[in-house]
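Everything on this sheet refers to the single structure shown next.
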Amino acid sequence: CNAKPWRQNISLMDYSPAIGKVLQVTATPTVFHYSELRPNKPVLIARNAEEFNGLLQLDLFSDPADAMLQVCVRIQDSTGELFQYHQPETTRLRTGQWSTLTIPVGTPYKPRSNWAGNKDGVIDYPVSFYAVTIDYTRGFIGQTRMLFDQFTWTPAKDADKATPQTPAP
């Protein structure tokens, strides 16, 4: 595999005194069409089906916004199987502005895909947050810069306290 055309850099940067440090990803998506951001170890979010119902939110600044197609969340179950949930299609980014993305995850929502582990499509508890992926718009030419801040998990019972997502323009 020749990945030379692919350019990606991930770093922490000081954004402002009010916000502090944020995760910066710069990429030139010409071969691969997504980036995956994951912690060193999966983060436990639910021990059972009752707890596995909530919102994963993150603040995202994208420049340009049209380089990014969508954000997905990957959840790993106890067998190592991965389940991917997508942001609602009603969410769109605005170039050069912070947006709050909300991705519903858990029992009442169906993942779009699953793989690895025992590959049976059944969620085996406990489950952990595994990664966030950024799918790039196919055919996009150029470089994109994304800033990430405030990754949060809000259980459904507290959803009324979650930050409202940025509406589509």
Side-chain angles (χ1 to χ4, degrees), residues 3-46 52-76 82-106 109 111-113 127-156 158-169:
K4 265 190 169 174
W6 175 250
R7 303 284 188 261
Q8 179 171 287
N9 184 42
I10 299 173
S11 61
L12 281 177
M13 69 167 283
D14 286 315
Y15 183 75
S16 73
I19 293 177
K21 290 187 184 288
V22 296
L23 182 67
Q24 175 177 256
V25 176
T26 56
T28 305
T30 56
V31 173
F32 301 103
H33 298 286
Y34 72 94
S35 292
E36 181 180 78
L37 306 173
R38 66 178 180 213
N40 290 334
K41 293 193 297 191
V43 178
L44 178 70
I45 59 171
F52 187 47
N53 180 7
L55 307 171
L56 189 124
Q57 291 189 295
L58 59 102
D59 290 345
L60 179 63
F61 178 102
S62 182
D63 186 21
D66 61 348
M68 198 188 77
L69 182 62
Q70 66 184 347
V71 173
C72 304
V73 174
R74 292 181 176 172
I75 302 296
Q76 185 178 51
L82 296 171
F83 297 85
Q84 184 159 291
Y85 295 84
H86 294 235
Q87 80 184 50
E89 292 179 11
T90 57
T91 306
R92 292 291 179 259
L93 300 175
R94 294 178 179 94
T95 296
Q97 295 181 23
W98 282 98
S99 299
T100 298
L101 301 181
T102 301
I103 303 160
V105 175
Y109 307 102
R112 291 241 184 119
S113 56
V127 295
S128 299
F129 166 75
Y130 182 79
V132 168
T133 64
I134 302 101
D135 291 348
Y136 298 111
T137 303
R138 294 196 189 274
F140 176 81
I141 306 287
Q143 187 171 46
T144 183
R145 178 176 82 122
M146 294 161 289
L147 306 177
F148 294 86
D149 195 27
Q150 299 297 322
F151 284 82
T152 59
W153 168 256
T154 304
D158 298 326
D160 60 328
K161 298 174 187 140
T163 304
Q165 79 174 10
T166 303

Results of ring-ring contact (aromatic ring centres under 6.0 Å, His included) for F61 - residues two or more places apart only: W98

For [X] versus [Y], what's the shortest heavy-atom pair and its separation?
{"X": "H86", "Y": "I103", "result": "O-CG2, 3.7 Å"}
{"X": "F129", "Y": "P39", "result": "CE2-CD, 3.7 Å"}
{"X": "Q143", "Y": "P64", "result": "O-CD, 3.7 Å"}
{"X": "I134", "Y": "M68", "result": "CG2-CG, 3.1 Å"}
{"X": "Q57", "Y": "T100", "result": "NE2-CG2, 3.8 Å"}

Trace of the side-chain contact (heavy atoms from CB on, under 4.5 Å) decision for R112 with Q84: CA-CA 6 Å; R112 291 241 184 119; Q84 184 159 291; 5.5 Å; no

I need the [X] [atom1] to [Y] [atom2] distance, nearest 0.5 Å.
{"X": "T102", "Y": "L58", "atom1": "OG1", "atom2": "CG", "answer": "8.5 Å"}
{"X": "L23", "Y": "L147", "atom1": "CG", "atom2": "CG", "answer": "8.5 Å"}
{"X": "F151", "Y": "L101", "atom1": "CZ", "atom2": "CG", "answer": "9.5 Å"}
{"X": "T133", "Y": "Q70", "atom1": "OG1", "atom2": "CD", "answer": "7.0 Å"}
{"X": "T154", "Y": "N53", "atom1": "OG1", "atom2": "CG", "answer": "11.5 Å"}

Parallel, tilted or perpendicular: ring planes of Y85 versus F52, cut at 30 and 60 degrees: perpendicular

Donor-acceptor contact present, side-chain T95 to main-chain A65, <3.5 Å: yes

Heavy-atom side-chain proximity of D66 to T137 below 4.5 angstrom: no

Within-4.5 Å side-chain heavy-atom neighbours: L44 and S128: yes

Sequence-distant partners of R38, side chain to side chain contact (heavy atoms under 4.5 Å, CB included), two or more places apart: E36, Y130, A131

Test side chain to side chain contact (heavy atoms under 4.5 Å, CB included) applied to Q150 - qualifying residues, sequence neighbours left out: D59

Within 6.0 angstrom of R138 CZ, more than 12 heavy atoms from elsewhere: no

